[in-house]
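The chains referred to below are lettered A, B, ... by the order of the sequence lines, with proteins before strands, and numbering in each begins at 1.
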There are 2 protein chains.
Amino acid sequence: MQVEEQHESGTAPTAAPRRSDATRGAILAAARERFAADGYERATIRAIAREARIDPSMVMRYYGSKEGLFAAVLDVDLRLPDPAALDRDDVGRVLVGHFLDLWEESEVLTAMLRVGVTNPSGAERMQGIFRDQLTPVALLACPDPEQAPARAALCASQLLGLGLTRYVLRLPPAVTLHREEIVAWLGPTVQRYLTAPHP
Amino acid sequence: MQVEEQHESGTAPTAAPRRSDATRGAILAAARERFAADGYERATIRAIAREARIDPSMVMRYYGSKEGLFAAVLDVDLRLPDPAALDRDDVGRVLVGHFLDLWEESEVLTAMLRVGVTNPSGAERMQGIFRDQLTPVALLACPDPEQAPARAALCASQLLGLGLTRYVLRLPPAVTLHREEIVAWLGPTVQRYLTAPHP
DNA sequence: CTGGACCGTCAACACCTGTTGGCATACGGT
DNA sequence: ACCGTATGCCAACAGGTGTTGACGGTCCAG
């Protein structure tokens, strides 16, 4: 995979604007959509290219390989709220609401889950995302810092389980539940995983 | 897909023993393993046949198609304990322990999840399994029968989330947790989803 | 105006997929 | 002993996959 070279004289490490940025963006958007809908194997480069209205070979030129494209798609920022600014008695409800927003405002999480479940490097990627982004929150909220990773994993199990049943498997009762109900049910769970004393 | 015909004079609907039963079993076992390890698309019929030490065409003869083989593999019985015999104050812990057993004693649940996430008919199959097998437990444990499906779905979200993070994605902290810890953390959660008053 | 880098298309490659039909063999009831 | 049938293997098909290289057109710096 070739490294993208940038030939700028400026001091900022911002990439040089290229004439093909529109195409790159179209590819990325189409890839997100196809990966989310079909998972890694069934999301073919040809289908992605068709959706982006360009030639399949462009995908290869700009992203090196299917794996490279997938890596670009899965550059996920959970945008978790700053732990320091959080009300420690309300972290659970806030987190649940935030994840509901994430799942519904874009297909990135669906794509991440669909790919992470079947693709080994997708799973690694997910491990990294949750380790790097969710653990800090646990670190600030839980009593013993040493327990933070475990507590973050417990939260991940409930939050990912929610997305799995509601947005991927679409179990009808999980789809029917209203947002406030979910927050009311799952909020205290996450809250307990983060702040309750080790049982 | 041809229906298997059985020509027995007896009254019992038990299938006639066939000379090929050993082969059929080998195919099924290999399929479970490959589906669990690779998901639907990457588990090729050729790989399954190789593992079962037979010819790929045998798979077609005995199971009609890849989809048919997959349907045979995903005939999952969760073997949930009889709700009537359950201690209503301990359902949560019992369920969590039972699911941990299920995930660890065979690869069926892993296969089910891997396939259900990427394959539409796999998702349908999972919907049926949890609707038919988990809802009765909720029905007996929860206060209002009308809420049983929703409560069952909440339990499914936590129980499947556990399997997802621990056995499929293998998030390290989730793998490290000991059985008793998981039961102690998740048991009360499931208990609450089943028996607590609607928030 | 000109040369070179960029952008996009086309056709093709080598490989792998599910699936099919034909052929040999071994079994089991009569 | 015979014959229909179940069982298994082999070779092949048609279609789809990721990936590659060559070929024009377009833009911009010189």
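- Using bins of under 30°, 30° to 60° and over 60° for the plane-to-plane angle, the ring pair Trp103(B)/Tyr167(B) lands in the parallel bin.
- In this pair, Phe35(A) and Phe70(A) present their aromatic rings perpendicular. The plane angle is above 60°, beyond the 30 to 60° band.
- Ser57(B) comes within 4.0 angstrom of a base, heavy atoms only.
- Rounded to a whole Å, the CZ atom of Arg18(B) is 15 Å from the C1' atom of dT5(D).
- Protein atom CG of Asp55(B) is 13 Å distant from nucleotide atom C1' of dG22(C), rounded to whole Å.
- Following rounding to the nearest Å, Arg50(A) (CZ) and dT9(C) (C1') show an atom-to-atom distance of 16 Å.
- Residue Arg61(B) contributes atom CZ, which lies 15 Å from atom P of dT19(C) at whole-angstrom precision.
- To the nearest angstrom, C1' of dT19(C) lies 12 Å from NZ of Lys66(B).
- Side-chain atoms of Gln147(A) and Arg151(A) form a donor-acceptor pair, as typed in the model, at a separation below 3.5 Å.
- The 5' end of DNA chain C is approached more closely, in terms of each residue's nearest nucleotide, by Arg46(A) than by the other of Arg46(A) and Arg19(B).
- The phosphate of dA6(D) has neither OP1 nor OP2 within less than 4.0 Å of any side-chain N or O from Tyr62(B).
- Between His198(B) and Trp185(A), the two ring planes are perpendicular [angle over 60°; tilted spans 30° to 60°].
- One interatomic measurement links the two molecules: CZ of Arg42(B) to P of dG18(C), which rounds to 13 Å at whole-angstrom precision.
- Rounded to an integer number of Å, the gap from CE of Met60(A) to P of dC7(C) is 17 Å.
- Remark: P of dA6(D) and CG of Asp21(B) are 14 Å apart, rounded to the nearest angstrom.
- For the pair Glu41(B) and Met58(A), nearest-nucleotide mapping onto DNA chain C gives the more 5' position to Met58(A).
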